[in-house]
Participant: 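Dropping a structure here in structure tokens format, bear with me for questions.
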Protein chains: 2
Amino acid sequence: MDNINNPHCDRQSECGNIELCESCVYHTDVIEHAKGNMPDDEVLYDLAEIFRVFGDTTRIKILWLLFSDEMCVCDMAELLNMNQSAISHQLRLLRNARLVRSRRDGKQVFYSLDDEHVREIFDKGLAHIQERR
Amino acid sequence: MDNINNPHCDRQSECGNIELCESCVYHTDVIEHAKGNMPDDEVLYDLAEIFRVFGDTTRIKILWLLFSDEMCVCDMAELLNMNQSAISHQLRLLRNARLVRSRRDGKQVFYSLDDEHVREIFDKGLAHIQERR
DNA sequence: TTAACATATGAATAGATGTACATATGTTTA
DNA sequence: TAAACATATGTACATCTATTCATATGTTAA
């Protein structure tokens, strides 16, 4: 790995932080490699957004419930001992992220997992936390 | 699926919300099945926590950078055009979640992915957002 | 139609979170 | 030793988020 002490940073024009560019030691090969392969900001934003939706205990519990069966809002609220409104708000986030879908049956609305990715993402997360115990 | 209109809820003693219990239509078989298989709250909390760490654009970018190579804090700050302090704070969260590890080499600290789960979780998330396009 | 019910949603609020600034810690070099 | 540097961390603050309350929407049954 090149270790270049670089007081005259050749990427200075692209860099908002002049102080940093004038003082920092760069590994330019590593930087160039990473820069070349960086996905679009939009993709990385969407990716973070999906995980953000997984990143809440209430929503994780809802997803868990839906692994067993489709389920109506009322049953989820009962099982999680939470306000119906709170559940509905969280279901909207899950719906927008296409992690769950809904079907109406009379007065009730039944939710189920939208696709198998949900279970796969869930399981990979579980594998991680279980390994580190 | 049983659909029991149940004004005298038999789980009323366990239920904090009396109004809900007196009015709601339950699917008791679904509820009992889900209740029996529910993991510990602690596991579900830890799981949400892991995804919460993935659920930020800056941290997602950092993880992406580490797929290519190990990398020092300075290079990450340069590449992401961000404050060194901001990167360090995020690295601490990633370290605490055991998603990255660090090694010191002189004045610099190099970060790398802690295990393969990180890449797998990342890829599953990517598969989800790419499929829905 | 009206009443009762299940769900959705807007507004408000308390708490969580990401970043910047200042500064501390740890390492190397002079 | 002191100075320079890379990183870590405490604090403050602006923004975001989860929940609650009140209420709207949509469905069924009387």
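Bear in mind the structure is a predicted one, so any value in this text is a computation, not a measurement. Proteins come first, then strands; the chains are lettered A, B, ... in the order of their sequence lines, and each starts at number 1.
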Participant: Given A/Cys72, which partner from the list A/Lys107, A/Glu78, A/Gln108 fulfils the side-chain contact (heavy atoms from CB on, under 4.5 Å) test?
Facilitator: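 That would be A/Gln108; it is the only one of A/Lys107, A/Glu78, A/Gln108 passing the side-chain contact (heavy atoms from CB on, under 4.5 Å) with A/Cys72.
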
Participant: Hey, what are the protein-to-nucleotides 25-30 of chain C N/O distances that come in under 3.5 Å?
Facilitator:
none

Participant: How close or far is atom C1' of D/dT19 from atom CG of A/Asn81, stated in whole angstroms?
Facilitator: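 About 14 Å, once rounded to whole Å.
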
Participant: Write down the atom of A/Ile60, the atom of A/Phe54, and the distance for their closest heavy-atom approach.
Facilitator: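 Looking at all heavy atoms of both residues, the closest pair is CG1-O, 3.1 Å.
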
Participant: For nucleotides 17-19 of chain C, give me every protein contact, N/O to N/O, under 3.5 Å, one pair per line with atom names.
Facilitator:
unit_1, atom_1, unit_2, atom_2, d
C/dG18, OP1, B/Arg59, NH1, 3.0
C/dG18, OP1, B/Arg59, NH2, 2.7
C/dG18, OP2, B/Arg59, NH1, 3.4
C/dT19, OP1, B/Thr58, OG1, 2.9
C/dT19, OP2, B/Gln90, NE2, 2.6

Participant: Are B/Leu66 and B/Val118 packed together at the side-chain level, in the sense that at least one heavy-atom pair is separated by less than 4.5 angstrom?
Facilitator: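 B/Leu66 does not reach B/Val118 side chain to side chain.
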
Participant: For A/Leu80 and D/dT20, what is the distance between atoms CG and P respectively, to the nearest whole Å?
Facilitator: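 Distance, rounded to whole Å: 12 Å.
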
Participant: Just how far, in rounded Å, is C1' of C/dT7 from CD of A/Glu78?
Facilitator: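 Computing the A/Glu78:CD to C/dT7:C1' distance gives 17 Å.
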
Participant: Would you indicate whether the side-chain heavy atoms of A/Leu65 and A/Leu80 approach each other to under 4.5 Å?
Facilitator: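 When only atoms from C-beta onward are counted, A/Leu65 and A/Leu80 do touch, with a gap below 4.5 Å.
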
Participant: Check the distance between D/dC16's P and A/Phe51's CZ and give it to me in whole angstrom.
Facilitator: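 Distance check: A/Phe51 CZ to D/dC16 P gives 22 Å.
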
Participant: Can you tell me how far C1' of C/dA8 sits from CE of A/Met76, to the nearest Å?
Facilitator: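 After rounding, the reported distance stands at 13 Å.
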
Participant: Roughly how many Å is it from NE2 in A/His27 to C1' in D/dC5, rounded to a whole number?
Facilitator: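 It is 13 Å, rounded to the nearest whole Å.
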
Participant: Can a donor-acceptor pair under 3.5 Å be found between the side-chain atoms of B/Ser85 and the base atoms of D/dT7?
Facilitator: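 Not at all, since no donor on one side and acceptor on the other fall under 3.5 Å apart.
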
Participant: Is B/Arg52 close enough and on-axis enough to B/Tyr45, meaning under 6.0 Å and within 45°, for cation-pi?
Facilitator: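 Yes, B/Arg52 sits over the ring of B/Tyr45.
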
Participant: Can you find a side chain N or O atom of B/Tyr111 that sits less than 4.0 Å from OP1 or OP2 on D/dA6?
Facilitator: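 False: B/Tyr111 side-chain N/O out of range (4.0 Å or more) of D/dA6 OP1/OP2.
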
Participant: Give the minimum heavy-atom separation between B/Ala97 and B/Ile50, together with the two atoms involved.
Facilitator: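 Closest heavy-atom pair between B/Ala97 and B/Ile50: O-CD1, 3.8 Å.
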
Participant: With no hydrogens and no angle check, do the side chains of B/Gln84 and B/Ser88 hold a donor and an acceptor under 3.5 Å apart?
Facilitator: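 Yes, because at least one side-chain N or O of B/Gln84 sits under 3.5 Å from a partner of the opposite role on B/Ser88.
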
Participant: Calculate the interatomic distance between A/Asn96 atom CG and C/dT9 atom C1'; express it in whole Å.
Facilitator: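 Rounded to whole Å, this separation is 12 Å.
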
Participant: According to the salt bridge (charged side-chain N to carboxylate O under 4.0 Å, His left out) rule, which pairs have a member within residues 118-128 of chain A, sequence neighbours left out?
Facilitator: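 As it turns out, the salt bridge (charged side-chain N to carboxylate O under 4.0 Å, His left out) pairs with a partner in residues 118-128 of chain A, which skip direct neighbours, are A/Glu116-A/Arg119, A/Glu120-B/Lys124, A/Lys124-B/Glu120.
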
Participant: Would you say the side chain of B/Gln84 and the base of D/dA6 hold a donor-acceptor pair, judged only by whether the two atoms sit under 3.5 Å apart?
Facilitator: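 In this structure, the two groups form no donor-acceptor pair.
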
Participant: Per the side chain to side chain donor-acceptor pair (under 3.5 Å) rule, which among A/Arg95, A/Glu70, A/Arg103 passes with A/Tyr111?
Facilitator: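 Going through A/Arg95, A/Glu70, A/Arg103 one by one, the side chain to side chain donor-acceptor pair (under 3.5 Å) with A/Tyr111 is satisfied by A/Arg95 alone.
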
Participant: Once you round it to whole Å, what is the distance between C1' of D/dT9 and CZ of B/Arg95?
Facilitator: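 Whole-Å distance recorded here is 10 Å.
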
